[in-house]
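In what follows, a structure is listed as structure tokens, so that the remarks can point back to it.
Note on naming: letters A, B, ... go to the chains in the order of the sequence lines (proteins, then strands), and numbering restarts at 1 for each one.
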Amino acid sequence: MYKTHTCGQLTAADAGQSVTLAGWVHRRRDHGGLTFIDLRDRFGLVQIVSDPEAAPEAHAAFEPVRNEWVLQVSGVVRPRPEGMANPELASGEIEVVVSEVKVLNPAVTPPFLINKDEDVDENTRLKYRYLDLRRPRMQANLELRHKVVKFIRDYLDKEGFLEIETPILFKTTPEGARDYLVPSRVHPGEFYALPQSPQQLKQLLMVAGYERYFQIARCFRDEDLRGDRQPEFTQLDMEMSFVEREDVMDLVERMYTAMVKQLVPHKRLLAEPWPRLTYKEAMQRFGKDAPDLRFGMELQDLTAWAAGSGFKVFEDALAAGGHVRAINARGLGGYSRKEIDALTEFAKQFKAKGLAYLAITPEGEERSSFSKFLSPEKLAELKTALDAQTGDLLLFVADKPEVVFDALGRLREHLGEALNLIDPDLLAFCWVIDFPFAFWDEEEQRWEPSQHLFTLPMPEDIDLIESDPGSMRGTQYDMVLNGTEAAGGSIRIHDPALQKRIFKLIGLSDEVARERFGHMLEALEFGAPPHGGIAPGIDRLVMLLAGAESIREVIAFPKNQAARDVMADAPSPAEGHQLKELHIKVDIGKK
RNA sequence: GGUCCCGUAGUGUAGCGGUUUAACACGCUGCCCUGUCAAGGCAGAGAUCGCGGGUUCAAAUCCCGUCGGGACCGCCA
């Protein structure tokens with residue numbers, strides 16, 4: 001072994017001990033006659049001091065040493081002299097007086113500082129990811145990630161779950177996201193696909209009688225990236241037999257509540273038990289099916305008021321079957337015309353045709369794009385409905401319901417952030433239930449399931465499949481955390497006849513259904529138990545728990561926004577003989 | 001596919017038509033220094049301002065293009 005102790009573990013209790021340590025030079029302070037080196041390993045820092053009289057060779061050996069060299073040092077632990085303790089350091093009571101130094105490996109000067117948590121261009125960080133990951137903050141992030149996964153494994157083990165691996169090479173599923181395809185050398189012209197999730201496989205494990213399955217599953221989607229989206233990401237994939245949606249939600253809620261309390265005690269849960277909202281309620285109050293409950297500014301319905309309001313824009317929207325809704329952005333009554341215009345531009349990104357406003361400046365003066373069209377009574381009613389106070393800015397959108405919800409919901413979150421209404425240490429979990437089972441896809445002219453093809457409709461709605469699919473609700477439940485979808489799950493269909501009716505509803509011919517999902521349909525015939533599950537994302541959760549800005553901060557080797565690994569430079573062209581073996585010809589059109 | 005923002009020593013930033021020999025901090029190199037812990041002191045090296053073109057007497061600075069990076073929209077059942 002290279003070391004008898006870790007750098008972080010030494011305390012005053014070890015005084016007098018002879019130790020051998022190994023690690024990286026975090027910092028070097030050369031006083032000429034006396035040199036200090038902070039030696040770092042994953043477990044912490046300890047100060048090594050050289051005494052030129054007691055150990056001249058070791059002292060001389062420190063001379064050429066620079067940051068990030070790898071050293072092995074032997075010496076004796078001693079309490080630091082009176083008044084020299086460093087309270088910032090876990091090992092700050094003591095130091096190691098070096099007697100022997102071995103340079104295990106020198107290091108060239110790194111492109112950025114390891115010993116300082118400074119902002120560095122992310123491309124540089126990714127190119128030298130092994131150095132970036134050496135920084136204490138990144139080590140803390142990955143340690144937290146480990147603890148989250150360990151907690152989940154331990155918790156689910158105690159709950160009777162089995163962790164079972166499912167294949168990475170599987171079958172393409174053209175529904176949903178784009179697949180990553182993998183050519184088969186043995187079967188020229190045929191392709192595996194990397195799984196977007198182990199959905200079908202975990203359901204088949206239920207048919208196989210495992211009853212409680214989970215997996216820390218890598219999932220792949222060939223779509224454009226975001227700060228919270230990577231082409232490969234990790235989910236806690238779970239499935240349970242003989243359960244109803246309450247059972248799944250209860251288990252997950254208990255597990256995540258316990259996890260947060262144990263792993264991030266400085267974070268606060270907004271509410272226990274977690275609030276449950278129906279999809280309808282979430283949309284009406286927050287304009288979005290993954291509401292951020294950390295602040296108010298809820299949407300207000302003014303549709304009834306708008307009838308006969310005298311403002312043509314509102315009345316026309318109603319006549320076209322639309323709604324009028326508003327939010328009250330408290331404290332923004334002093335916004336300038338230019339600032340309000342910027343909000344209007346923001347809302348227009350989400351298809352709102354405009355943004356009507358009524359501002360009450362801190363001086364009590366009213367400015368509005370439309371109040372001149374209103375009678376004094378109507379204006380008074382409006383202000384009462386929105387509890388308008390001096391200094392408030394009321395923002396209105398009139399349009400088709402989906403546009404009103406989207407524009408105001410986005411505006412609400414935009415303003416919540418801009419106004420600093422969000423407590424960074426708050427974790428607002430909630431459940432959203434009673435989703436519409438399917439919605440009509442205008443472009444494709446067919447019904448599209450709002451989750452996936454295997455979701456069970458609410459039992460009391462099943463008979464609407466043929467008559468009124470738009471009114472059906474699904475058994476889907478989404479776990480929402482701080483305004484993002486943290487997990488989606490549902491009870492699945494275990495009746496093959498019902499599964500066929502759903503395939504028919506979404507326009508899959510018997511032939512296509514058999515070709516793509518024949519194995520699923522067949523499996524359901526062989527005594528499939530009632531079952532359901534959920535799949536919480538791990539990356540986003542760890543990101544939020546770590547207080548990081550992007551999931552790239554909690555993934556060891558992420559891709560950049562162009563889906564490229566800049567360290568290894570992947571993807572890269574395949575060599576001619578590889579392609580030949582796969583019977584693949586590359587045909588890149590001219591740019 | 002679209003919109004927006006950013007590219008200046010190794011890193012982070014300043015400079016935004018001429019007063020600049022492109023500044024500052026950290027880092028780096030050398031020398032001095034026996035109690036520092038973001039050690040200190042002194043000296044020094046390091047940038048054709050992403051790239052190409054244009055405007056101008058004059059471009060890091062303005063314009064166009066291009067490349068690279070990021071945020072967002074679309075997309076992500």
Considering every strand and a 4.0 Å limit on heavy-atom distances, what is the contact class for Arg125(A): base, sugar-phosphate, or nothing? nothing

Determine the Euclidean distance between corresponding P atoms of A71(B) and A60(B); express it in Å to zero decimal places. 31 Å

At under 4.0 Å between heavy atoms, what does Asn123(A) touch on the DNA or RNA strands: base, sugar-phosphate, or nothing? sugar-phosphate

Rounded distance in Å between the C1' positions of U56(B) and G74(B): 42 Å

Within 45 degrees of the axis of the six-membered ring of Phe557(A) and under 6.0 Å from its centre: does Arg552(A) put its NZ or CZ there? no

With a 4.0 Å cut-off on heavy atoms, is Asn560(A) in touch with a base, just the backbone sugar-phosphate, or nothing at all? sugar-phosphate

Could you work out the separation of A14(B) and G44(B) based on their C1' atoms and round it to a whole Å? 23 Å

Along RNA chain B, 5' to 3', what are the outermost nucleotides having an atom less than 4.0 Å from a heavy atom of chain A? G1(B) to A77(B)

Separation of the C1' atoms in G52(B) and G68(B), to the nearest angstrom: 15 Å

Is a donor on one side and an acceptor on the other found under 3.5 Å between the side chain of Asp539(A) and the backbone of Thr234(A)? yes

On a whole-Å scale, what distance lies between the C1' atoms belonging to U8(B) and C51(B)? 14 Å

Less than 3.5 Å apart, any donor N or O on the side chain of His519(A) or Arg514(A) sitting next to an acceptor on the other? no

Rounding to an integer number of angstrom, what distance separates U20(B) and C26(B) when you compare their C1' atoms? 23 Å

Nearest-nucleotide comparison on RNA chain B, the residue closer to the 5′ end among Phe454(A) and Glu95(A): Glu95(A)

5' priority, RNA chain B, between Arg410(A) and Glu118(A) [closest heavy atom]: Glu118(A)

Asp237(A) and Tyr213(A): side-chain donor and acceptor closer than 3.5 Å? yes

Just to be sure I understand the rule, does Arg80(A) reach a base, reach only the sugar-phosphate, or reach nothing, if contact means heavy atoms closer than 4.0 Å? base

Side chain to side chain, Cys219(A) and Gln235(A), heavy atoms closer than 4.5 Å: yes

Mind checking Asp224(A) for me? I need base, sugar-phosphate or nothing, with any heavy atom below 4.0 Å counting as a touch. base

Over all strands shown, is Ala85(A) touching base, sugar-phosphate only, or nothing at heavy-atom distances under 4.0 angstrom? base

For the side-chain hydrogen bond (donor to acceptor under 3.5 Å, both in side chains) test, which of Glu239(A), Arg492(A), His531(A) pairs with Gln203(A)? His531(A)

Check: Arg78(A)/Gln17(A) side-chain N/O donor and acceptor closer than 3.5 Å: no

Counting Watson-Crick and G-U wobble pairs only, both distances under 3.5 Å, name the nucleotide matched with C24(B), or none. G12(B)

Pairing partner of G7(B), by Watson-Crick or G-U wobble and under 3.5 Å for both distances, is C67(B)

Taking the six-membered ring where the residue is Trp, are the ring centres of Trp447(A) and Trp440(A) under 6.0 Å apart? yes

Sugar-phosphate only, base, or nothing, as touched by Glu88(A) at under 4.0 Å among non-hydrogen atoms: nothing

Do Thr455(A) and Gln476(A) have side-chain N/O donor and acceptor atoms under 3.5 Å apart? no

Look at all strands and tell whether Arg564(A) reaches a base, only sugar-phosphate, or nothing, counting heavy atoms closer than 4.0 Å. nothing

Just checking Gly227(A): base, sugar-phosphate only, or nothing, at a heavy-atom cut-off of under 4.0 Å? sugar-phosphate

Scan Ser450(A) against the nucleic acid and name what it touches under 4.0 Å (heavy atoms): base, sugar-phosphate only, or nothing. sugar-phosphate

Within residues 60-68 of chain A: residues closer than 4.0 Å to RNA chain B (heavy atoms): Arg66(A), Asn67(A)

Exercise answer: donor-acceptor pairs, residues 339-347 of chain A side-chain atoms, under 3.5 Å, sequence neighbours excluded:
from: Glu339(A); atom 1: OE1; to: Ser336(A); atom 2: N; distance (Å): 2.8
from: Glu339(A); atom 1: OE1; to: Ser336(A); atom 2: OG; distance (Å): 3.2
from: Asp341(A); atom 1: OD1; to: Arg337(A); atom 2: NE; distance (Å): 3.3
from: Thr344(A); atom 1: OG1; to: Ile340(A); atom 2: O; distance (Å): 3.0

For atom P, what is the distance between C24(B) and U34(B), given to the nearest Å? 31 Å

For Arg78(A), answer base if it contacts any base atom (sugar-phosphate contacts may also be present), sugar-phosphate if it contacts only those atoms, and nothing otherwise; contact means non-hydrogen atoms under 4.0 Å. base

Which whole number of Å gives the distance between the C1' atom of C63(B) and that of G12(B)? 29 Å

Find the partner of G40(B): check Watson-Crick (N1-N3 plus N6-O4 or O6-N4) and G-U wobble (N1-O2, O6-N3) distances, both under 3.5 Å, and reply none if neither fits. C32(B)

Counterpart base for U19(B), defined by Watson-Crick or G-U wobble contacts under 3.5 Å: none

When both distances are under 3.5 Å in a Watson-Crick or G-U wobble arrangement, the nucleotide paired with A58(B) is none

May I ask you to decide if the ring planes of Phe517(A) and Phe503(A) are parallel, tilted or perpendicular, using 30° and 60° as cut-offs? parallel

Donor + acceptor pair across side chains of Asp179(A), Gln196(A) (<3.5 Å): yes

Please classify the nucleic acid contact of Gln349(A) as base, sugar-phosphate, or nothing, using heavy-atom distances under 4.0 Å. sugar-phosphate

For Pro81(A), which contact category applies under a 4.0 Å heavy-atom criterion: base, sugar-phosphate, or nothing? base

Mind checking Glu448(A) for me? I need base, sugar-phosphate or nothing, with any heavy atom below 4.0 Å counting as a touch. sugar-phosphate

